[in-house]
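Hydrogens, waters and symmetry mates are skipped; everything else that's a heavy atom, side chains included, is used. In this chain, numbering begins with 1 at the start of the sequence shown.
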Amino acid sequence: QVQLVESGGGLVQAGGSLRLSCVVSERTFFTATMGWFRQVVGKEREFVAAINRSGGSTLYADSVKGRFTISRDNAKNAVYLQMNSLTPEDTAVYYCAAGPRPATYIRAYDYWGQGTQVTVSS
């Protein structure tokens, strides 16, 4: 059973930064595309960023381009989301996900973490 465990969420002031981490239990992690999504209560889960298996190709939602950076360390079975210049609109539960190919839609991903809360105060 593949498990994804996120960490690094918390409370930060607007303009601040956070770095989210996601560790994957599966030893074949390096074959998977990894993605980050976020969800606000009462709203649909939305795509944030994705990275291919080698780390050479990335996708970003327009709302986070230039502020967020996705990266991965295949030796550590980990993917990261560096979030800078945070705004209250970034407040959400952030989920990491694993799938076979880079995509911006939810059903492209087969495995999901439990999520980590990010709260940005104004």
Side-chain angles (χ1 to χ4, degrees):
Q1 180 73 15
V2 178
Q3 291 186 323
L4 286 69
V5 180
E6 303 97 336
S7 62
L11 174 64
V12 64
Q13 288 188 334
S17 299
L18 281 176
R19 188 192 192 209
L20 305 184
S21 300
C22 174
V23 177
V24 182
S25 64
E26 176 58 50
R27 62 182 177 85
T28 58
F29 162 79
F30 64 92
T31 67
T33 283
M34 299 300 299
W36 286 97
F37 288 74
R38 65 187 182 185
Q39 188 170 22
V40 176
V41 173
K43 294 187 177 181
E44 293 186 355
R45 192 169 298 187
E46 66 174 7
F47 171 76
V48 175
I51 188 166
N52 70 342
R53 62 188 64 184
S54 70
S57 179
T58 56
L59 294 171
Y60 292 97
D62 288 343
S63 59
V64 306
K65 279 182 182 177
R67 300 188 299 123
F68 290 11
T69 303
I70 188 171
S71 61
R72 66 190 294 161
D73 185 339
N74 288 343
K76 296 182 178 179
N77 279 18
V79 62
Y80 308 100
L81 186 68
Q82 177 67 42
M83 306 186 295
N84 299 328
S85 301
L86 286 161
T87 74
E89 288 69 37
D90 295 315
T91 295
V93 177
Y94 283 71
Y95 298 89
C96 71
R101 64 188 62 83
T104 62
Y105 50 96
I106 293 173
R107 60 181 181 275
Y109 294 85
D110 301 316
Y111 302 99
W112 293 82
Q114 294 300 307
T116 185
Q117 175 71 46
V118 171
T119 303
V120 184
S121 63
S122 58

Just by distance, do the side chain of Tyr60 and the backbone of Ile70 share a donor-acceptor pair under 3.5 Å? yes
Taking Arg67 for the side chain and Ser85 for the main chain, is one N or O donor matched with an acceptor at less than 3.5 Å? yes
Look at the side chain of Asn74 and the backbone N and O of Arg53, then say whether any donor-acceptor pair between them is shorter than 3.5 Å. yes
Could you check if a side-chain atom of Ser25 sits within less than 4.5 angstrom of a side-chain atom of Asn77, using non-hydrogen atoms only? no
Can you name the nearest heavy-atom pair linking Ala103 to Ala50, along with the distance? O-CB, 4.1 Å
Main-chain N/O of Val5 paired with Gln114 side-chain donor or acceptor, under 3.5 Å: no
pair Met83-Leu20: side-chain heavy atoms closer than 4.5 Å: yes
How many angstroms lie between CG in Leu81 and OG1 in Thr69, if you round to the nearest 0.5 Å? 8.0 Å
Non-hydrogen side-chain atoms of Gln3 and Val23 separated by less than 4.5 Å: no
Smallest separation among heavy atoms of Gly115 and Val93, with atom names: CA-CG1, 3.8 Å
Spell out, yes or no, whether Leu18 and Tyr80 are grouped together once hydrophobic residues are joined by side-chain heavy atoms under 4.5 Å, including indirect joins. no
Keeping the roles fixed (side chain from Arg72, backbone from Asn52), state whether a donor-acceptor pair exists under 3.5 Å. yes
For residues Val79 and Ser71, report the shortest heavy-atom separation together with the two atoms involved. CG2-O, 3.1 Å
Nearest 0.5 Å please: distance from the OH atom of Tyr111 over to the SG atom of Cys96. 13.5 Å
Residues 36-45 vs salt bridge (charged side-chain N to carboxylate O under 4.0 Å, His left out), sequence neighbours excluded, gives Arg38-Glu46, Arg38-Asp90
By the definition ring pair (Phe, Tyr, Trp, His ring centres under 6.0 Å), identify the one residue from Tyr95, Tyr94, Phe37 that meets it with Phe47. Phe37
Donor-acceptor pair, side chain of Thr119 and main chain of Thr91, under 3.5 angstrom: no
My understanding is that a hydrophobic cluster links ILVMFWY residues whose side chain heavy atoms are under 4.5 Å apart, including indirect links. Using that, what else belongs to the cluster containing Tyr105? none
If I compare all heavy atoms of Pro100 with all of Ala108, which pair ends up nearest, and what's the gap? CD-O, 3.3 Å
Pairs satisfying side chain to side chain donor-acceptor pair (under 3.5 Å), at least one member in residues 12-21, at least two apart: Ser17-Asn84
Identify the two heavy atoms, one from Leu59 and one from Thr104, that lie closest to each other, and give their separation to 0.1 Å. CD1-CG2, 4.2 Å
Looking only at non-hydrogen atoms, find the nearest pair between Ser121 and Pro88 and report the distance. C-CG, 4.4 Å
Taking Ala78's backbone N and O only, do any of them form a donor-acceptor pair with Asp73's side chain (distance below 3.5 Å, no angle check)? no
Are the side chain of Tyr109 and the backbone of Trp36 linked by a donor-acceptor contact shorter than 3.5 Å? no
